[in-house]
Structures are given as structure tokens and as C-alpha cells.
Amino acid sequence: HIKLVASDFLSLSPNSRNSSSFSLNGMPVYRVESVGVVVSRHLKPGKFLRFTVDDGTGCVPCVLWLNHSTSPYFSKQKPSIVRVDARMSLEFASLTELGAVVRVRGRVSGYRGTVQITVSDVTSEVDPNAQILHWLDCIKLARNCY
């Protein structure tokens, strides 16, 4: 996962060849990580949780799918894996309370012309310095890697 601050995440552009992939300064970006405060939360039970993470440089839209048992996409997987994924998604959804500081990882996707994170995991941050450390990592990585 590429560590990005929200302002960099929001500046991702769709690749001209493949509209489902994105790039940052010409480098392809598929999976990202962001740390921030949950500032909005919209739950559609049994379908999805849409939430926004604010890291001080902007707000990152996120979607966590909760429809593992009814989606044709998930029906292609083994039932035991689907049950585990469904249980983990519900646990992740419980961590995304308003005001909570979370670390979000997932795949970059587009929805209605905007970029978002399709969440693969959420971790609650208890260290008060987690967000600042993430910013420092992002700055260092931007200078040295991308």
C-alpha cells in the first residue's frame, strides 16, 4: 500500500488507457493507506458503509462493502472465505465511529467521477502521534520513492 496524504490522494488521475487504474506523477497507484479522523459516516445495512477520513490536508472518501452474502462478486469465492470476510467487514465498520482516528487501507477506485478507497481493512489508532507519523512517512516517501 502506498502511503498518501489526502491532498495527494485527491490529486490522483485516471490512466488514459484504463479508467479503472490511477496514477500519481505518472506512477501507477493501485492500493493506498491513509490515516485520519472519521468525519462522516453513512451506513446502508447489509450493503455498504460510506465514510470520510480527514487527515488535515483534505478528506478521503471511503467505501466498505458489507454485502458479502448477497453480492454475485463474492459468490465466486469459497463460502468459508466469504463468511470470514463478512465478519471482518462488520468489525471494521464498528471501528469507524465519528471522531475516531483510523488507518484505512484499500484499493483505489472511482465512483461518479471522484476517487475513493474501496476499503480492505481498518485499524483504530490509539497512538496520538499516528497521524503525524503517517504525514512524515508520506513526505519521506514522496521525496525518495514517488
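The figures here come from the full heavy-atom set of this structure, side chains too, leaving out hydrogens, waters and symmetry mates.
- Separating the CD1 atom in Ile2 from the OH atom in Tyr30 is a distance of 9.5 Å, to the nearest 0.5 Å.
- Ile117 pairs in a side-chain contact (heavy atoms from CB on, under 4.5 Å) with only one of the listed residues (Val60, Val63, Val108), which is Val60.
- Of all the heavy atoms in Thr52 and Cys59, the pair that sits closest is CG2-CB, 3.3 Å.
- Val104 and Leu98 end up in the same hydrophobic cluster when Ile, Leu, Val, Met, Phe, Trp and Tyr side chains are linked at under 4.5 Å.
- In the hydrophobic clustering of ILVMFWY residues, with side-chain heavy atoms under 4.5 Å counting as a link, Val102 and Val32 come out together.
- With values rounded to the nearest 0.5 angstrom, Arg50 atom CZ is found 10.0 Å from Lys44 atom NZ.
- Checked by atom type and distance alone, the side chain of Trp65 never pairs as donor or acceptor with a backbone atom of Leu49 at under 3.5 Å.
- A donor-acceptor contact shorter than 3.5 Å is absent between the side chain of Glu33 and the backbone of Leu4.
- Taking CE of Met88 as the start and CG of Leu64 as the end, the distance is 10.5 Å to the nearest 0.5 Å.
- Heavy-atom minimum distance, Thr57 versus Ala6: OG1-N, 3.2 Å.
- At a threshold of 4.5 Å between non-hydrogen side-chain atoms, the residues Arg105 and Ser34 do not count as touching.
- In this structure, CD on Glu97 lies 11.5 Å from CZ on Phe51, to the nearest 0.5 angstrom.
- Criterion: ILVMFWY side-chain heavy atoms under 4.5 Å apart, direct or through other members. Under it, Met27 and Leu141 are part of a common hydrophobic cluster.
- Across every non-hydrogen atom of Asp8 and Ser11, the tightest pair is O-OG, 2.8 Å.
- Between the CZ atom in Arg41 and the OG1 atom in Thr96 there is a gap of 4.0 Å [rounded to 0.5 Å].
- For the pair Arg107 and Phe22, the NZ or CZ position fails the cation-pi test of under 6.0 Å to the six-membered ring centre and within 45 degrees of the ring normal.
- Other members of the cluster containing Val35 are Val37, Val39, Val101, with ILVMFWY side chains joined at under 4.5 Å, either directly or via other members.
- Hydrophobic clustering of Ile, Leu, Val, Met, Phe, Trp and Tyr side chains at less than 4.5 Å, counting indirect connections, unites Val29 with Phe9.
- Every pair passing salt bridge (charged side-chain N to carboxylate O under 4.0 Å, His left out) that includes a residue from residues 124-134 is listed here, sequence neighbours excluded: Arg103-Glu125.
- The CZ atom of Phe48 lies 14.0 Å from the OG atom of Ser89; values are rounded to the nearest 0.5 Å.
- Counting only residues at least two apart or in different chains, salt bridge (charged side-chain N to carboxylate O under 4.0 Å, His left out) contacts with residues 137-146 comprise Lys3-Asp137.
- Hydrophobic clustering of Ile, Leu, Val, Met, Phe, Trp and Tyr side chains at less than 4.5 Å, counting indirect connections, keeps Ile139 apart from Leu24.
- Here the side chains of Val53 and Cys62 are in contact, with some heavy-atom distance below 4.5 Å.
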